[in-house]
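Notes to accompany the following structure.
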Amino acid sequence: MSDSIRSILKKNNLSVTDSRLHILELFYNAKGALAHSDIEKQTGEEIDRVTIYRTLQTFEEKGIIHTIPTADNSVKYALCKDRCEEGHHHDNHVHFICDHCGKTICLDDVLVPEVKLPKGFEPHQSNMVVTGSCNICK
Ligand SMILES: [Zn+2]
Ligand SMILES: [Zn+2]
Ligand SMILES: [Zn+2]
């Protein structure tokens with residue numbers, strides 16, 4: 001496990017540090033998206049807030065994780081698929097938030113439908129969040 005995580009860091013020209021390894025491992029073990037506070041809880045005293053924040057920012061820039069907007073204006077993070085690269089994300093899938101267990105899940109195979117915009121508007125990114133009960137809670 002930690003070998004493949006190590007190779008992801010190397011592939012992205014990131015030096016391998018304990019905190020990067022640890023945070024990336026959390027994403028691989030997570031069955032859904034993680035908020036900053038989830039990571040903080042799971043790493044405990046081991047990694048400080050600023051390091052978590054910077055690590056998430058670096059991972060996002062490198063195309064390793066993507067952000068998901070949530071209803072309460074906070075942000076969650078989830079692993080990207082192989083298509084993402086540095087400075088260029090292709091995460092055009094729908095996100096699902098379960099009302100019961102509170103999990104945010106990437107529906108990788110469900111693409112955000114294209115929205116027809118009025119003349120003169122050019123889309124850059126669109127997000128779609130669906131709420132309901134997930135396949136475990138239903
Ligand atoms: Zn991405
Ligand atoms: Zn659920
Ligand atoms: Zn996603």
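In each ligand, atom 1 is the first atom listed, and ligand 1 is the first ligand listed. For reference, positions follow the sequence shown, starting with 1.
The Zn ion (ligand 1) is the vertex of the angle joining SG of C84 and OD2 of D91, which measures 110° to the nearest 10°. Angle SG(C101) to the Zn ion (ligand 2) to SG(C134), rounded to 10°: 120°. Angle subtended at the Zn ion (ligand 3) by H66 NE2 and C106 SG: 110°, rounded to 10 degrees.
In H93, the N, O or S atom that comes nearest to the Zn ion (ligand 3) is NE2. Taking the Zn ion (ligand 1) as reference, H89 places its N/O/S atom ND1 nearest.
Checked by atom type and distance alone, the side chain of D48 pairs as donor or acceptor with a backbone atom of V50 at under 3.5 Å. Between the side chain of R20 and the backbone N or O of S15 there is at least one donor-acceptor pair closer than 3.5 Å.
Under the 4.5 Å side-chain heavy-atom criterion for ILVMFWY residues, no single connected hydrophobic cluster contains both L107 and I68.
The residue from K76, H90, H95 that alone fulfils the side chain to side chain donor-acceptor pair (under 3.5 Å) condition with H66 is H95.
For the atom pair CG (D91) and SG (C84), the distance works out to 3.5 Å, reported to the nearest 0.5 Å.
Counting non-hydrogen atoms of other residues, nucleotides and ligands closer than 6.0 Å to CG of D18 gives a total of 12 or fewer.
At least one N/O/S atom of C137, from backbone or side chain, sits under 2.8 Å from the Zn ion (ligand 2). Among the atoms of H95, an N, O or S atom falls under 2.8 Å of the Zn ion (ligand 3).
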